[in-house]
Participant: 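Please see the structure below; I have some questions.
To find a chain, count down the sequence lines: A is the first, B the second, and so on, and within it residues start at 1. For the numbers below, each heavy atom of this structure counts, side chains included, while hydrogens, waters and symmetry mates do not.
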Amino acid sequence: MIQDARVLQDDYLPREIVHRHEEMSQLATALEPVVEGDRPQHALLTGPSGSGKTCIARATLDRLQEQVLDVHTAHVDCWLHPNDFRILYKLLESLGTTYDIHRSTPLDELLERLREIDKPYLVVLDEADQIDDPDLLRRLYSISGLTMILITNHERDLFRPLDERLQSRLRSSDTIEFDSYRRDELVSILSDRAAWGLTDGALTTDQRQRIAETACGNARDAISILRSAARHAERKGSDRIRDSDIETAIPAARAELRQKSLDRLTTDQLAVYDVLRECGELMPKELLARYEERVDDPKSMRTVRKYLRKLEQYNLVESSGHGPSRTYSAVS
DNA sequence: CATCCACGGGAAAAACAGGGTC
DNA sequence: GACCCTGTTTTTCCCGTGGATG
């Protein structure tokens with residue numbers, strides 16, 4: 001039933017981008033000067049997750065590279081590589097100049113090497129608000145051949161840690177705002193993927209509607225649900241997706257997402273999360289006490305607070321209230 | 001208004017990683 | 001392989017801020 005599994009993957013980039021022509025041409029215009037060999041404006045892409053930011057950035061750079069030979073591009077997911085070294089390493093890696101770089105190479109040298117490149121360099125920093133050290137943005141900003149395309153869910157998360165000067169400079173870059181996909185847009189995206197990747201008639205119109213409705217405007221979620229349902233149906237040897245496959249896929253897709261976050265936690269962080277999962281809502285003091293009896297060599301309160309902040313970012317834990325009446329609970 | 005907590009920034013210390021050397 | 005060296009990452013400690021509560 002699955003004819004081409006690639007089109008159901010997260011990172012699949014369709015040849016033809018639908019529903020985001022406006023945003024794509026805005027970005028293309030912002031980057032246009034590179035065709036003439038000039039330095040383009042930096043760009044800022046904001047909007048909720050699954051609204052097509054990453055997709056548009058990648059597609060635009062692909063097009064540009066077809067037109068212009070003398071340009072380097074790179075795409076770094078700052079969620080996966082949050083620290084300076086890894087980001088810079090990734091950038092140099094896509095230039096193919098990492099041959100003699102090791103962990104003890106000073107950051108300044110990495111930056112220096114970026115400065116030396118002769119062609120324009122277009123850099124997509126995906127999930128840019130996840131970058132640990134905001135100073136990195138300032139340093140990248142100061143490299144004249146380098147143009148940043150910053151992607152973030154919320155502009156304020158990105159700007160909050162930056163100093164005034166850099167904030168105002170970045171605000172002057174081209175900002176492109178993305179909205180969540182509308183229901184009918186998601187339906188048409190799902191239809192395309194089904195047409196490319198599945199046999200005819202494997203996914204009914206009602207099923208498309210159902211997935212689109214559940215995904216709440218998030219294309220990534222919609223495609224994960226489709227992927228999971230298709231796999232499920234195929235495992236059973238069915239020649240089309242049944243409604244029950246979709247109902248199974250909806251929680252499965254969420255679980256998959258959560259598992260990805262969970263895999264990246266340390267044992268102590270996981271212990272904190274487990275305590276909250278088992279005990280439900282807890283006050284900080286109580287949470288700490290239970291965590292401490294759970295592990296052999298507990299970390300300090302301050303460290304646990306850092307963990308909690310991280311868990312909140314991963315959307316595994318949520319908190320409510322302020323001051324003494326604060327409570328934490330695991331996201332169901 | 002005083003007090004109690006919790007929060008989170010920053011600095012310093014400790015643990016860690018990975019290359020180079022013998 | 002044992003060891004040092006360097007820079008990174010994690011953890012801890014200290015402390016000011018500020019909301020909630022009596």
Participant: Using side-chain heavy atoms (C-beta onward) and a distance below 4.5 Å, is A/Lys236 in contact with A/Ser244?
Facilitator: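 With C-beta onward as the side chain, the pair touches.
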Participant: Are A/Arg20 and A/Tyr181 in a cation-pi setup, meaning NZ or CZ lies under 6.0 angstrom from the ring centre and within 45 degrees of the ring axis?
Facilitator: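 Yes; both conditions hold, so A/Arg20 lies above the ring face of A/Tyr181.
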Participant: Side-chain N or O of A/Arg326 versus OP1/OP2 of B/dC7: is the shortest distance under 4.0 Å?
Facilitator: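 So the side chain of A/Arg326 is within the cut-off, an N or O lying under 4.0 Å from OP1 or OP2 of B/dC7.
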Participant: Would you mind reading off the distance between A/His322 atom NE2 and C/dT21 atom P, rounded to a whole angstrom?
Facilitator: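 Atom-to-atom, A/His322 to C/dT21, this comes out as 12 Å.
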Participant: So, is A/Tyr307 near the phosphate of C/dT11, with a side-chain N or O under 4.0 Å from OP1 or OP2?
Facilitator: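 Answer is yes, contact under 4.0 Å.
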Participant: So, does A/Lys53 use its side chain to make a donor-acceptor pair with the main chain of A/Gly47 at under 3.5 Å?
Facilitator: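 Yes, A/Lys53 side chain to A/Gly47 backbone: donor-acceptor pair under 3.5 Å.
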Participant: Using only modelled atom types and a 3.5 angstrom limit, is any donor from either the side chain of A/Arg305 or the base of B/dG9 paired with an acceptor on the other?
Facilitator: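 In this structure, the two groups form no donor-acceptor pair.
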Participant: Can you measure A/Lys299 atom NZ to C/dT12 atom C1' for me and round it to whole angstrom units?
Facilitator: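 Checked: the NZ to C1' distance equals 10 Å.
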Participant: In whole Å, I'd like the distance from the OH atom of A/Tyr291 to the C1' atom of B/dA6.
Facilitator: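 In whole Å, B/dA6 C1' and A/Tyr291 OH are 18 Å from each other.
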Participant: Heavy-atom nearest nucleotide on DNA chain B for A/Lys306 versus A/Glu312: which residue maps closer to 5'?
Facilitator: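 The 5'-side residue here is A/Glu312.
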Participant: Quickly work out the A/Leu308 CG to C/dT10 P distance and round it to whole Å.
Facilitator: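 Between P of C/dT10 and CG of A/Leu308: 16 Å.
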Participant: With a 4.5 Å heavy-atom cut-off, do A/Thr327 and A/Leu287 have their side chains touching?
Facilitator: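 A/Thr327 vs A/Leu287: side chains apart.
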Participant: Using a cut-off of strictly less than 4.0 Å, decide whether A/Ser300 has a side-chain nitrogen or oxygen near OP1 or OP2 of C/dT12.
Facilitator: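 For A/Ser300, the contact criterion (side-chain N or O under 4.0 Å from OP1 or OP2 of C/dT12) is met.
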Participant: Determine: side-chain N/O of A/Ser325 to OP1/OP2 of C/dA20, distance under 4.0 Å, yes or no.
Facilitator: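 It does not, given that no N or O in the side chain of A/Ser325 lies less than 4.0 Å from OP1 or OP2 of C/dA20.
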Participant: Can you tell me how far P of C/dT17 sits from CZ of A/Arg302, to the nearest Å?
Facilitator: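 Roughly 16 Å, once rounded to whole Å.
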Participant: Between residues 265-289 of chain A and DNA chain B, which residues have a heavy-atom gap below 4.0 Å?
Facilitator: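 Only A/Pro284, A/Lys285 qualify.
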Participant: Picking from B/dG8, B/dC5, C/dT11, which would you name as closest to the side chain of A/Thr303?
Facilitator: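 Shortest atom-to-atom distance from the side chain points to C/dT11.
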Participant: Side chains of A/Tyr314 and A/Arg264: donor-acceptor distance under 3.5 Å anywhere?
Facilitator: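 Yes.
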Participant: Is the shortest heavy-atom distance from the side chain of A/Ile56 to the side chain of A/Leu27 under 4.5 Å?
Facilitator: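 The answer is yes; the side chains approach within 4.5 Å.
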Participant: Can you give me the closest heavy-atom contact between A/Met148 and A/Leu146, atom names plus distance?
Facilitator: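 What the structure gives for the nearest pair is CG-CD2, 3.6 Å.
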Participant: Rounded to whole Å, how long is the line connecting atom NZ of A/Lys310 with atom C1' of B/dC7?
Facilitator: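 Distance, rounded to whole Å: 19 Å.
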Participant: Round to a whole Å and report the spacing from CE of A/Met301 to C1' of C/dT12.
Facilitator: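 In whole Å, C/dT12 C1' and A/Met301 CE are 14 Å from each other.
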Participant: Roughly, in whole Å, what's the span from CG in A/Asp297 to P in B/dA15?
Facilitator: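 So the two atoms are 10 Å apart, to the nearest Å.
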